[in-house]
Amino acid sequence: MTDRVLVIGSSGQIGTELVEELRNLYGDDNVVASDIREPQIEQTGPFEILDILNKVQLLEIVEKYNIKEVYLLAALLSATAEKNPAFGWDLNMNSLFNVLELAKDGIINKIFWPSSIAVFGTTTPKENTPQYTVMEPSTVYGISKQAGERWCEYYHKQYGVDVRSIRYPGLIGYKSKPGGGTTDYAVDIFHQAILSKRYDCFLSEETTLPMMYMSDAIKATLNIMRADSSAIKIRSSYNIAGMSFSPKEMAEELKNSIPEFEISYSPDYRQKIADSWPQSIDDTHARKDWGWSPDFNLPKLTTTMLENLEQLLSEKNNV
Ligand code: NAD
Ligand code: AKB
């Protein structure tokens with residue numbers, strides 16, 4: 001029976017785009033999408049409803065499709081987890097244990113599990129944040145990601161589990177909506193710029209954060225997963241960088257295409273989260289070990305987002 005890939009949390013912001021690319025690479029039937037909720041877009045391959053906290057259901061799906069590689073995307077993100085810390089911890093940690101255990105038992109061969117810039121905290125150097133540095137996250141999400149990184153490295157060293165990970169910055173794409181993060185404004189702003197030409201931002205104007213266009217994030221994910229195992233020297237999680245900007249800089253860039261666009265600022269509880277995160281990231285190790293480099297900067301991201309989102313929204317209005 002053919003070895004197959006399973007994406008867990010496939011109906012979310014990253015999963016929606018990752019499944020599409022994995023199916024282009026491996027074939028529609030060889031990539032099984034799964035989530036606790038229905039997908040955002042029509043599926044071209046198998047989809048299963050799966051609660052990752054249900055170990056029995058997970059094993060059934062893994063055996064049914066002969067899954068050998070798992071992309072674990074199910075999680076509560078930073079803003080949502082702050083509203084429900086106990087469940088955030090439960091989901092973010094136990095989902096990872098359930099998948100790591102399958103690899104430890106030799107049932108699956110390879111795991112991708114994303115970490116985040118949220119592993120850093122207020123005591124971390126903010127600019128060009130190094131791979132190895134002080135890490136004192138202050139959110140339940142960041143704490144769960146930091147603990148997850150430690151467990152990934154532990155399972156690799158103790159049991160030889162082939163687990164690979166990236167610390168994604170805030171991700172921006174037009175195909176799917178974000179799921180409760182602090183960086184979500186950078187997607188919402190495009191929707192509102194097109195629909196109403198104005199946006200009220202929940203972060204203050206000077207809040208600079210590391211960000212990345214979704215196709216760069218997907219490229220990084222596929223590249224780290226397809227690299228030779230010997231090239232993956234870091235088994236906790238790799239820093240990767242795309243670009244850094246503040247809401248004010250994003251708005252200025254948008255005005256180049258939509259001159260009448262206006263932005264206002266009403267910082268809420270997410271400001272404190274953003275203030276604890278780095279402003280820019282040093283990704284030297286990812287570049288050296290498995291050839292990482294981004295394709296998108298802020299101007300290219302802005303024109304690409306506007307072009308594609310305008311088309312998508314006008315298609316939806318015409319349906
Ligand atoms: P998302 O919230 O958009 O998607 C997560 C998906 O997981 C959702 O579709 C949700 O229904 C599903 N899910 C929740 N509970 C589940 C359960 N019990 N069983 C199965 N599925 C369940 O998140 P995303 O933005 O796609 O993020 C995916 C991963 O990448 C997460 O680990 C996140 O921490 C990480 N990450 C994302 C970003 C970003 O900017 N999007 C940045 C850094 C790290
Ligand atoms: C969030 O804002 O929670 C995510 C992340 C950077 O991990 N986008």
Side-chain angles (χ1 to χ4, degrees), residues 6-19 32-41 47-55 57-58 61 70-84 87-88 90-96 98-99 111-120 137 139-146 148-149 152 165-173 175-188 202-203 207 209-214 216-218 220-221 237-242 244 269-279 281:
L6 175 66
V7 180
I8 301 168
S10 64
S11 305
Q13 191 196 8
I14 300 173
T16 301
E17 299 213 25
L18 181 64
V19 166
V32 181
S34 72
D35 202 290
I36 202 164
R37 61 177 169 137
E38 293 294 333
Q40 293 188 42
I41 56 169
F47 174 84
E48 296 274 352
I49 290 287
L50 166 65
D51 178 356
I52 182 57
L53 297 179
N54 184 335
K55 283 197 260 190
Q57 206 188 8
L58 172 65
I61 290 171
V70 170
Y71 293 75
L72 172 57
L73 304 177
L76 279 200
L77 274 75
S78 58
T80 317
E82 283 311 288
K83 303 227 167 218
N84 197 346
F87 182 64
D90 181 24
L91 176 62
N92 294 3
M93 294 317 301
N94 287 319
S95 56
L96 179 58
N98 289 349
V99 174
I111 300 168
F112 177 78
W113 171 81
S115 184
S116 161
I117 53 162
V119 291
F120 301 114
T139 61
V140 67
Y141 175 67
I143 296 168
S144 73
K145 289 295 184 189
Q146 194 195 24
E149 288 191 6
C152 286
S165 178
I166 285 171
R167 291 173 183 151
Y168 290 134
L171 302 183
I172 302 161
K175 292 186 186 172
S176 49
K177 289 242 179 150
T182 303
T183 59
D184 291 11
Y185 91 84
V187 179
D188 300 340
F202 59 75
L203 297 182
T207 312
L209 289 170
M211 300 280 188
M212 182 173 286
Y213 186 54
M214 186 61 86
D216 272 338
I218 303 293
T221 307
S237 192
Y238 277 93
N239 275 7
I240 59 167
S244 286
Y269 71 100
R270 290 168 280 194
Q271 184 65 46
K272 199 169 154 202
I273 302 177
D275 287 342
S276 75
W277 289 354
Q279 296 186 341
I281 299 288

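Note: hydrogens, waters and symmetry copies are ignored here, and every other heavy atom, side chains too, is used. For ligands, and for the atoms within them, numbers begin at 1 and follow the listed sequence. Index from 1, following the sequence.
With a 4.0 Å heavy-atom cut-off, ligand 1 is reached by no atom of Leu76. Neither the backbone nor the side chain of Ala118 has any atom closer than 4.0 Å to an atom of ligand 2 (non-hydrogen atoms only). Of the heavy atoms in Ser176, none comes closer than 4.0 Å to ligand 1. Proximity of Ser115 to ligand 1, defined as any heavy-atom pair under 4.0 Å, is confined to the backbone N, CA, C and O atoms. Heavy atoms of Lys145 found under 4.0 angstrom from ligand 1 belong exclusively to the side chain. With a heavy-atom cut-off of 4.0 Å, Asn92 does not touch ligand 1 at all.
Lys175 NZ: more than 12 foreign heavy atoms inside a 6.0 Å radius.
The protein heavy-atom contact nearest to atom 8 (N) of ligand 2 is Thr183 OG1, 2.8 Å. Counting only heavy atoms of the protein, atom 3 (O) of ligand 2 lies nearest to Ser78 OG, 2.5 Å. For atom 2 (O) of ligand 2, the closest non-hydrogen atom of the protein is Thr182 N, 2.6 Å.
In this comparison of Phe112, Trp113, Tyr141, Phe87, the heavy atom closest to atom 34 (O) of ligand 1 sits on Tyr141. Considering Gly12, Ser10, Ser144, Ser11 only, the shortest heavy-atom separation from atom 4 (O) of ligand 1 involves Gly12. Of the options Ser116, Gly142, Gly181, the smallest heavy-atom separation from atom 7 (O) of ligand 2 is shown by Ser116.
Ligand 1 has a nitrogen or oxygen under 3.5 angstrom from a nitrogen or oxygen of Asp51. Distances between N or O atoms of Leu77 and those of ligand 1 include no value under 3.5 Å. The shortest N or O to N or O distance between Tyr168 and ligand 1 is not below 3.5 Å. An N or O contact shorter than 3.5 Å is missing between Pro178 and ligand 1 by distance.
Side-chain atoms of Ser115 and Glu149 form a donor-acceptor pair, as typed in the model, at a separation below 3.5 Å. A donor-acceptor pair shorter than 3.5 Å can be found between the side chains of Thr207 and Gln271. Residues Ser78 and Thr182 bring a donor and an acceptor atom of their side chains to less than 3.5 Å of each other.
Not a single heavy atom of Gly180 sits less than 4.0 Å from an atom of ligand 1.
Side-chain atoms of Ser116 do not come within 3.5 Å of backbone N or O of Arg167 as any donor-acceptor pair.
Ring geometry for Phe202 versus Tyr185: interplanar angle over 60°, hence perpendicular rather than tilted (30 to 60°).
Cation-pi geometry between Lys145 and Tyr168 is not satisfied (NZ or CZ under 6.0 Å from the ring centre, within 45° of the ring normal).
Residues Gly12 and Thr16 share a closest heavy-atom pair of O-OG1, 2.6 Å.
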